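Take a look at the structure below.
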Amino acid sequence: MLKKVKKRGKVRPLIDKRSGKWYNSNIMDRYEPLKIEAKWQKRWEETEAFRATEESDVPKMMLAEMFPYPSGAGLHVGHVRNFTIVDVLARFYRQQGVNVMRPFGYDTFGLPAENYAIKTGQAPQEVTKVNIANFRKQAKRLGYAIDWSREINTSDPEYYRWTQWCFLQLYKKGLAYQKESYQWWCPVDQTVLANEQVENGCCWRCGHEVEKKKMKQWFFKITEYADELLAEIDGLDWPEKIKTMQRNWIGRSVGAEIEFPLAREYASSRGIRDDGSGRSEEPRDDGRDEASRDGVYSRAITVFTTRPDTILGATFLVVAPEYAGLEFIVSDDARDAVMKYKAEALKKSEIERQENKEKTGVFTGAYAISPATKEKIPIYVADYVLAGYGTGAIMAVPAYDDRDREFAEKFNLPVVEAELIDRDLYGMPKVMYKMRDWLISRQRYWGCPIPIAYDAEGEPHPIPEDQLPVMIPEVKDYQPDSTGRSALAKAKDWLKVEVFNEKTGKMETMTRETDTLDGYACSSWYLWRYASPHDEKAAWDPEAIKYWEPVDFYCGGDHAVAHLLYVRFWCKFFADLGYLPFREPVKKLLYNGYINAPDGKKMSKSKGNVIDPLDVIDDGYGADTLRTYEMFIGPYDMDAAWDPRSVGGVYRFLNRCYNLCFDSSFSSLESVRDNGSEIASEPRNDGRERSGSRGEKNAVVRNKTIKKVTTDIHRCNFNTAVAALMEYVNELYKVGATEEDLAVLAKLLKPFAPHLASEMLEKLGADDEWPKWDEKYLVQDVVEVVVQVNGKLRAKLNVPADEATDDEKVKELALADERVQKYTESGVKKAIFVPKAKLLNLVV
RNA sequence: GGGCGAGUGGCGGAACUGGUAGACGCGCCAGACUCAAAAUCUAGUGGCAGCAAUGUCGUAAGGGUUCAAGUCCCUUCUCGCCCACCA
């Protein structure tokens, strides 16, 4: 039971979905993508066609996409765009004889798999295994030129063993450290919550109001590299958009720290501190902890400002609610109000705080002395000052700062239009960054265990490298423990470990760290693992790294800041340790746009507008159509909307390629073949104005196409490269194709539609070596010269090439043309000739 | 509020450093083939006027620079993304 699949206005392959058989139209040998694709995919698999090995006498190129998280839903069209960009480039360079490495991997740790495990009771390991198998199968159906021997998976113990090794290197250098930090905490579920699990200040599961709980967390000291990370952005061949985002994220500002002594009589009589962790309680480590010892808070407040020159206008100070010295400065009268304000501020999420920009705050009852004016100024606490930036305290200059002015107006504080003074008069110059250290501990089961154990005193000790990996223990229930620890804490046997304690000089039974690493840690070094993916002795082999890396092309559509900053950070760190011979991991970054639903909206399951790429293939269009369509859809770096009808258009194009090669009734192939050589001696015979025989004309079009496609791919203008191929095919349909024309077509088509192109090349008995163009065919003997009068197009002249560069001659010809004469009767004042544009503009 | 992009036919989009606007595809329209569809092939397709040659208007709006502006500059509007009280 065959049924017509085509709907009105839609080109669809004729295939019966139920039987999988092709509707037998009157064309005997028709394009059957699924058949061709299965054939070539099998062949590539069997021959390991894309295996890459180091060959030092051949130029290398390493290309990678941002490896995917293999979700249960399988590949989506966004993956296909991302992977196909990489694949087109990989095949393009491979065809040019470059030694190409195109690896693949899976970023498998993370919440979705864990949540699925909690919901279904299935082990995340199992879920991951199934999802990877599905992703691999689907990627293979797209015909990617992947070296499958270089497949990696971050949750494989053989991989995360080395993630743990990386952690230990950072730990040894003091760049992995612990510090108290506030975490979202649900008192009902007794669990730590990630930011995205807090909805309107309530727990996403039980709906109870969440609170912030101070907990010890692990951090990577990325701020150590802030200066270099910022400075080297300039030299990166990355999109400006990403570079700007990284600069803003790092957010360097130059200012000064200025001390404002407290006016003693107002300082709190209770000089006891409740914590010794630093001035502000938000994550921050820049070595200032020491300065905060010995009750500095009871003597002075240090502010950070980028405008120390405005200090004469500072009429009050403001500290953040989390400001650690708040206890000491607040007066007894104000204490209740201040503590109430602090408690409320702590409850609010960052989003809530930002939503309401209306200034709020409370007077602390305390005063400070301005070092510049020696006047006594009040100290307020307000949440518009952020604890995590600077010192958590500011001098407010309402005359120069909008936020301060707003606050001053609301609380009736004086606004003084004071003169500006020398910047360095009262403070120490100081550089500040918005970037915070990277909080990497997660109270989660499905992540890379942190290779640390604690002794009886609670002091951390690294797990020795020869005991790695610290395996993820098997548990039954993946829900975090009531202690705020991950489900790892439920593996009682696993928790105990014998570790040598350097302090006591003895082996001791210690308790393992139950936090796991942020998934971004796992993806911060995977690009280097690709160089030696099965290395059992090291995270990466320095020789292989030296040959393959840094990565030449890295393509993704997400993680503009986080991941792309973290890999840069680790690269610099491991370069400092001597493990990497370069300081930037990615030479060229391609940042591709999203593919939206036909209505222009984001594709999402809930909206039901998701296009499944495998459906497109199985509808009979095939992978080649899907790949080529996604390259043709628009510039790779712009968002695009899926258009099912355009998919049909691309299918039609590939069908025409197929017919040109396999069905002579679709072209005048025979007649041209008879001609033999391309530069035939026959006179012009097609009645057209353009000179040359059919063979010659083919050579012109062919060479033009080679040039266009080659330069377009070089510039990553994939959409116009495909358009050029379409033009070429249209031309061949008109004038007929020689075998050489077809071989060139197949070669140029191969990066986009590798299966069909391979089939064509096989039929033609040709290799896939990238063709070169010959400029001699691109030089025309008669050229078209455009004549404008006052910038308006008036005539096009056909001029012999040797005369077209002679401005006097061209002018003479132009003035002889009656279309031009109509406008030049009053005389020509000026004539501008542009040889490059073959254009003459007459000014009258 | 700040930063970065982008506004071109009915639609997606071409136009490298200012130099023939609308490549290519979709859609539409006509013709061929067919009993008839579909598929395929051929031709046409920015608006307005004209049988046509051709003229004229036209790249969000307005102004400017230039022999020449989709492209450069200024103003305004719209959309998208990112950051968002960072002192």
Side-chain angles (χ1 to χ4, degrees), chain A residues 4-14 23 25-27 30 239-245 247-249 251 253 255 303-307 310 318 353-354 356-357 359 382-386 388-391 393-397 400-404 406-407 432-436 560-561 593-594 600 629 632-635 637-650 652-653 655-656 659 665-666 711-712 715 717 719-720 722-727 730 733-734 784-793 795-796 819 829-832 834 836-844:
Chain A
K4 276 184 280 181
V5 187
K6 171 159 182 192
K7 291 175 190 160
R8 181 154 172 75
K10 250 188 188 178
V11 181
R12 307 203 74 179
L14 295 172
Y23 176 74
S25 70
N26 44 7
I27 302 159
R30 68 168 285 135
E240 275 310 313
K241 188 175 109 186
I242 309 297
K243 289 166 64 164
T244 307
M245 280 167 73
R247 283 191 194 101
N248 293 343
W249 182 264
S253 36
V303 304
F304 174 73
T305 178
T306 53
R307 297 292 308 275
T310 65
V318 188
R353 275 208 209 175
Q354 283 156 14
N356 183 13
K357 297 225 173 144
K359 295 282 176 291
D383 67 1
Y384 84 92
V385 173
L386 306 177
Y389 184 73
T391 61
I394 63 155
M395 64 175 204
V397 188
Y400 289 96
D401 185 284
D402 292 341
R403 298 154 302 187
D404 295 345
E406 221 180 287
F407 192 84
M432 202 59 73
Y433 298 94
K434 282 193 211 172
M435 183 168 67
R436 318 287 207 264
V561 176
Y594 287 107
Y629 169 66
F632 183 62
I633 194 168
D637 56 348
M638 300 238 294
D639 289 356
W642 187 267
D643 178 3
R645 292 203 282 216
S646 285
V647 177
V650 171
R652 182 185 284 155
F653 158 65
N655 203 9
R656 282 160 71 87
N659 289 341
S665 69
F666 280 88
T711 53
D712 275 356
R715 288 187 305 199
N717 293 342
N719 55 330
T720 52
V722 174
L725 288 170
M726 288 173 167
E727 273 186 87
N730 291 346
Y733 255 66
K734 275 181 212 153
E784 193 177 65
V785 174
V786 171
V787 183
Q788 297 178 332
V789 179
N790 284 347
K792 282 197 172 155
L793 176 69
K796 292 176 185 179
R819 286 168 300 185
K829 284 186 201 139
K830 203 160 140 190
I832 286 116
V834 189
K836 209 175 159 192
K838 285 171 279 176
L839 176 142
L840 175 72
N841 189 16
L842 301 169
V843 185
V844 296

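Lettering follows sequence order; numbering is per chain, from 1. Bear in mind the structure is a predicted one, so any value in this text is a computation, not a measurement.
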Picking from B:G3, B:C57, B:U20, the nucleotide nearest the side-chain atoms of A:K792 would be B:C57

Applying a 4.0 Å non-hydrogen cut-off, can you work out what A:N730 is touching in the nucleic acid: base, sugar-phosphate, or nothing?
sugar-phosphate

- Query: So what does A:N719 hit on the nucleic acid, given a heavy-atom distance under 4.0 Å: a base, only sugar-phosphate, or nothing?
  - Reply: sugar-phosphate

When rounded to whole Å, the OH to P distance for the pair A:Y733 and B:A43 reads 13 Å

Quiz question: going by heavy-atom distance under 3.5 Å, is there a donor-acceptor pair between the base of B:C82 and the side chain of A:K241? no

As its Watson-Crick or G-U partner within any shown strand, both distances under 3.5 Å, B:A49 has B:U54

Problem set entry | P-based separation of B:U34 from B:C29 [nearest Å] | 23 Å

Report, as yes or no, whether the 6.0 Å neighbourhood of atom NZ on A:K243 holds more than 12 heavy atoms from other residues, nucleotides or ligands. yes

- Query: Is it true that the NZ or CZ of A:K359 lies under 6.0 Å from the centre of A:F407's six-membered ring and within 45 degrees of the ring axis?
  - Reply: no

| task | Looking at every strand, decide which applies to A:K796 at a 4.0 Å heavy-atom threshold: base, sugar-phosphate, or nothing. | result | base

Against the side chain of A:F632, the closest entry in B:C67, B:C24, B:A87 is B:C24

Ranking B:G25, B:C82, B:U20 by distance to the side chain of A:S646, first place goes to B:G25

(request) Report which part of the nucleic acid A:K836 touches: base, sugar-phosphate, or nothing (heavy-atom distance under 4.0 Å, all strands). (result) base

- Message: Does A:Q788 reach a base, just sugar-phosphate, or nothing at all? Heavy atoms under 4.0 Å.
- Response: base

Answer for the Watson-Crick or wobble partner of B:U17, both distances under 3.5 Å, is none

A:Y389 has its side chain closest, among B:U20, B:A87, B:C24, to B:A87

Paired to B:A32 by Watson-Crick or G-U wobble criteria (both distances under 3.5 Å) is B:U40

